[in-house]
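Below: the structure, in structure tokens.
Order of listing sets the numbers, starting from 1, for every ligand and every atom in it.
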Amino acid sequence: MGTNTPKSSKRKIFITGVNGLLGQKLVAQLAERGTFEIYGCGKGPCRIPDQKFDYVTLDITEKEEVDRVISSIKPDIILHGAAMTNVDECELNQEAAYIVNVKATEYLLKAAEQISSHFIFVSTDFIFSGEKGPLDENAIPAPVNYYGETKLEAERIVQASSTKWAIARTVLVFGIAHDMSRSNIILWVKSSLEAGKNIQVVDDQFRTPTLAEDLAEGCILIAEKEAEGIFNISGKDFMSPYEMAIMTAEYFNLDQSLIARVDSKIFTQPAKRPLITGFIIDKAQKELGYEPKTFRTAIAILSKQIILAS
Ligand SMILES: NC(=O)C1=CN([C@@H]2O[C@H](COP(=O)(O)OP(=O)(O)OC[C@H]3O[C@@H](n4cnc5c(N)ncnc54)[C@H](OP(=O)(O)O)[C@@H]3O)[C@@H](O)[C@H]2O)C=CC1
Ligand SMILES: Cc1cn([C@H]2C[C@H](O)[C@@H](COP(=O)(O)OP(=O)(O)O[C@H]3O[C@@H](C)C(=O)[C@@H](O)[C@H]3O)O2)c(=O)[nH]c1=O
């Protein structure tokens, strides 16, 4: 077990999915700030070295286990980032996607209602159709893949809840963490070009790519300010994956001629992706004081972390 000692009168925060990209940033940044007593859970053993929080092995799809853990810890805040996040896997295994992304959210929320916790749910731009963007918090959702459908249904359950709730929506998160279960676009472009591989990158999708540390910061601001409602927490640069790939190649001085500019219609991924998303973050900037890095600064931060990790 990690240490929160000495036990204090600090409010308790319970993070789900701590072994994931966002989860690892959350527990690291929370430990740095010292605002809360930190508890975190994951399906299997903790995969984070120098753990500075209390870790609980918890499969959030087990309702009785969720009730037991939450009623014993009694967190003031539950920050729920755990999910099945492989979009194609969600399309192909919809039952698993529903159980993890919808039912587990319901179990955590019911447990939160029993102790009046503040419930903060991490959601996605993939609840939108991709017809236009960037979008503010009032945009009408219309998902085009099953992952998006599960996250939207989970949002609806949260919004109908009797306990205090907030939803942090984000877009195309990138960063580096220990033992990652999936890669992300910057690392994939960098490693492909370093290996001299030709890659095809779409220029007709648009996103506001988000550094994982910025997403964590936005979620922590919501927790610290006990904010309620929906907040767009993403990067501020509206760009295509092709532009992201070119900027990555320029920054790391890699061969841009290996990047083929393609239309997303040529892709045959199992799950459709919304074409144009990206978020307007004015509300989070104004109400939370949220201020993300530019994409270029984020790459520079990532570059330093890669060097430190090597
Ligand atoms: N990555 C992105 O581009 C975006 C992500 N989001 C949302 O942000 C959140 C965090 O995403 P990200 O950090 O990338 O996700 P990751 O896939 O990196 O982490 C998800 C975590 O959830 C855990 N988890 C999955 N199923 C269970 C379960 N049954 N019980 C306990 N834990 C479980 C996983 O555990 P394990 O590690 O053991 O598999 C993993 O640690 C998600 O809610 C996602 O929908 C939104 C928009 C963009
Ligand atoms: C694999 C690949 C991706 N891309 C582009 C398409 C896409 O915009 C971007 C990322 O593609 P991926 O399929 O890897 O990632 P994808 O599954 O689209 O990422 C999604 O993850 C879930 C969790 C979310 O919530 C979404 O916000 C989004 O970030 O890179 C290419 O251009 N060429 C490629 O060969």
Side-chain angles (χ1 to χ4, degrees), residues 15-26 40-48 56-62 65-66 69 79-91 96-97 99-101 103-105 107-108 121-128 130 143 145 147-148 150-151 154-155 167-175 177-189 192 197-210 212 215-216 219 233-234 239-245 259-264 266-267 269-279:
I15 315 277
T16 68
V18 289
N19 286 319
L21 175 56
L22 169 61
Q24 291 190 39
K25 304 302 182 183
L26 280 168
C41 80
K43 254 180 302 185
C46 184
R47 303 202 302 266
I48 307 172
V56 178
T57 298
L58 170 65
D59 180 341
I60 57 173
T61 63
E62 298 291 341
E65 281 303 292
V66 168
V69 167
L79 210 172
H80 176 35
M84 188 166 157
T85 58
N86 184 311
V87 178
D88 291 324
E89 178 59 29
C90 287
E91 200 73 23
I99 290 168
V100 176
N101 293 352
K103 295 305 288 180
T105 300
Y107 300 157
L108 286 158
F121 178 63
V122 186
S123 191
T124 172
D125 59 327
F126 275 27
I127 64 171
F128 297 107
N145 57 51
Y147 161 77
T150 62
K151 295 297 282 190
E155 279 203 10
I167 291 172
R169 287 178 182 156
T170 194
V171 182
L172 199 55
V173 180
F174 64 92
H178 301 283
D179 187 13
M180 286 170 57
S181 49
R182 55 202 281 269
S183 185
N184 46 81
I185 184 168
I186 312 306
L187 301 181
W188 165 71
V189 168
S192 303
K197 274 192 211 147
N198 285 293
I199 54 174
Q200 298 178 313
V201 187
V202 295
D203 69 350
D204 58 344
Q205 285 183 4
F206 285 87
R207 303 280 185 267
T208 46
T210 309
L215 173 58
C219 292
I233 304 289
S234 77
M239 49 202 303
S240 71
Y242 178 72
E243 290 166 306
M244 297 174 210
I259 303 171
R261 181 174 193 162
V262 298
D263 177 297
S264 56
I266 70 152
F267 272 135
Q269 292 169 301
K272 195 166 173 313
R273 267 55 176 189
L275 211 49
I276 307 170
T277 66
F279 285 152

Close residues, ligand 2: non-hydrogen atom nearer than 4.0 Å:
T85, V87, T124, D125, F126, Y147, L172, R182, I185, W188, Q200, V201, V202, Q205, P241, F267, Q269, R273

Before you tell me yes or no, could you show the steps for I60 and C41 under side-chain contact (heavy atoms from CB on, under 4.5 Å), namely the whole-Å CA-CA distance, both residues' side-chain angles and the distance that decides it to 0.1 Å?
CA-CA 9 Å; I60 57 173; C41 80; 4.1 Å; yes

Suppose we screen for ring-ring contact (aromatic ring centres under 6.0 Å, His included). Which residues come up paired with F279, at least two apart in sequence or across chains?
none

Any salt bridge between D203 and R261, counting N to O under 4.0 Å?
yes

Ion pair check, E91 and K272, cut-off under 4.0 Å:
no

Is R273 paired with D204 through a side-chain N to carboxylate O contact shorter than 4.0 Å?
no

Tell me every residue that passes ring-ring contact (aromatic ring centres under 6.0 Å, His included) with F126, counting only those two or more places apart in sequence or in another chain.
none

Passes side-chain contact (heavy atoms from CB on, under 4.5 Å), L215 versus K25? Steps please.
CA-CA 9 Å; L215 173 58; K25 304 302 182 183; over 6 Å; no

T16 side chain reached by L108 side chain, heavy atoms, under 4.5 Å:
yes

I'd like to check E89 versus M84 (side-chain heavy atoms, cut-off strictly below 4.5 Å). Are they in contact?
yes

Would you tabulate the polar-atom pairs, meaning N/O of ligand 1 against N/O of the protein, with distances under 3.5 Å, reported to 0.1 Å?
from: ligand 1; atom 1: 1 (N); to: R182; atom 2: NH1; distance (Å): 3.4
from: ligand 1; atom 1: 3 (O); to: V173; atom 2: N; distance (Å): 2.9
from: ligand 1; atom 1: 13 (O); to: L21; atom 2: N; distance (Å): 3.4
from: ligand 1; atom 1: 13 (O); to: L22; atom 2: N; distance (Å): 2.9
from: ligand 1; atom 1: 17 (O); to: T85; atom 2: OG1; distance (Å): 2.7
from: ligand 1; atom 1: 18 (O); to: L21; atom 2: N; distance (Å): 3.0
from: ligand 1; atom 1: 22 (O); to: A83; atom 2: N; distance (Å): 3.3
from: ligand 1; atom 1: 29 (N); to: D59; atom 2: OD1; distance (Å): 2.9
from: ligand 1; atom 1: 30 (N); to: I60; atom 2: N; distance (Å): 3.1
from: ligand 1; atom 1: 37 (O); to: R47; atom 2: NH1; distance (Å): 3.2
from: ligand 1; atom 1: 37 (O); to: R47; atom 2: NH2; distance (Å): 2.8
from: ligand 1; atom 1: 38 (O); to: R47; atom 2: NH1; distance (Å): 3.1
from: ligand 1; atom 1: 41 (O); to: G20; atom 2: N; distance (Å): 3.1
from: ligand 1; atom 1: 43 (O); to: G81; atom 2: O; distance (Å): 2.8
from: ligand 1; atom 1: 43 (O); to: K151; atom 2: NZ; distance (Å): 2.8
from: ligand 1; atom 1: 45 (O); to: Y147; atom 2: OH; distance (Å): 2.7
from: ligand 1; atom 1: 45 (O); to: K151; atom 2: NZ; distance (Å): 3.1

